[in-house]
Amino acid sequence: MPSFSSPPNQQNYYEEVWMIVRKIPRGKVATYGQIAKMIPPPNGVDIEAYKAFAPRWVGGAMANCPDDVPWQRVINSKGEISERQGAERQRLLLEDEGVKFDAKNKIDLKIFGWSGNDDAQPIQSKLF
DNA sequence: GGTGTGACTACAT
DNA sequence: GATGTAGCCACAC
């Protein structure tokens, strides 16, 4: 596997990515950039560099994710599945979860996009 | 130690 | 909206 990251720090970063991905509720999807923004850059990494490459690190995390991580819920910023081996299975898994694809095989992030707070469905009577 | 590359994104044209 | 380009990390060869 390519694995453009192996150091302990990066492995730890991977675990953070997986933790967030596991938090994505069924029927919702998140983008690489969205996940990247939820995770602070590792120590020693410039924020600018992180901002530019974090999405790829998330992609690397997905490439090495355990089987219990719903990697299929992680897509690119366009709301489409990044083509690769297994992309077909990814679409099937998402459809099985209730995620709908449009004519262009794209997902409407306005509907299925994950805000990052799965336990805050009621906008009322929550914190604040 | 230079070069290519990877499940990306944002901005410009 | 579809292309093209910049951004700039870590790894394999």
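In what follows, chains are A, B, ... by sequence order, proteins preceding strands, each numbered from 1. Since the model is a prediction, treat every value here as computed from it, not as a measurement.
Atoms OH (A:Y13) and P (C:dA10) sit 12 Å apart, rounded to a whole Å. When the P atom of C:dC11 is taken as reference, atom CD of A:Q11 falls 12 Å away, rounded to whole Å. Counting to the nearest Å, the P atom of C:dA6 and the CD atom of A:E48 are 18 Å from each other. For the pair A:W57 CH2 and C:dC11 P, the computed distance is 10 Å after rounding to whole Å. A straight line from CG of A:N12 to C1' of C:dA10 spans 17 Å, rounded to a whole angstrom. Distance CZ (A:F53) to P (C:dA6): 14 Å, rounded to an integer number of Å.
The same atom, C1', is picked in C:dC13 and in B:dA7; the two are 22 Å apart, to the nearest Å.
Here the side chain of A:Q90 is nearest to one of C:dC9, B:dA7, C:dC8, namely B:dA7.
In this structure, the side chain to side chain contact (heavy atoms under 4.5 Å, CB included) partners of A:D102, at least two apart in sequence or on a different chain, are A:K104, A:K106. The salt bridge (Lys or Arg N to Asp or Glu O under 4.0 Å) check on A:R84 picks up nothing, with sequence neighbours excluded. Checked against side-chain hydrogen bond (donor to acceptor under 3.5 Å, both in side chains), A:D68 has the following partners two or more places apart in sequence or in another chain: A:R22. Residues passing the side chain to side chain contact (heavy atoms under 4.5 Å, CB included) test with A:L94 are A:V29, A:Q72, A:R73, A:I81, A:Q90, A:E97, A:V99, A:F101, A:I107, sequence neighbours excluded. Listed by chain and number, the residues in a side chain to side chain contact (heavy atoms under 4.5 Å, CB included) with A:D46 are A:A49 (sequence neighbours excluded).
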Mind listing the N/O atom pairs, protein and nucleotides 9-13 of chain B, below 3.5 Å?
from  : atom 1 : to    : atom 2 : distance (Å)
B:dT9 : OP1    : A:S77 : N      : 2.8
B:dT9 : OP2    : A:S77 : N      : 2.9
B:dT9 : OP2    : A:S77 : OG     : 3.4

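Nearest heavy atom pair, residue A:V21 against residue A:M62, reads CG2-CE, 3.6 Å.
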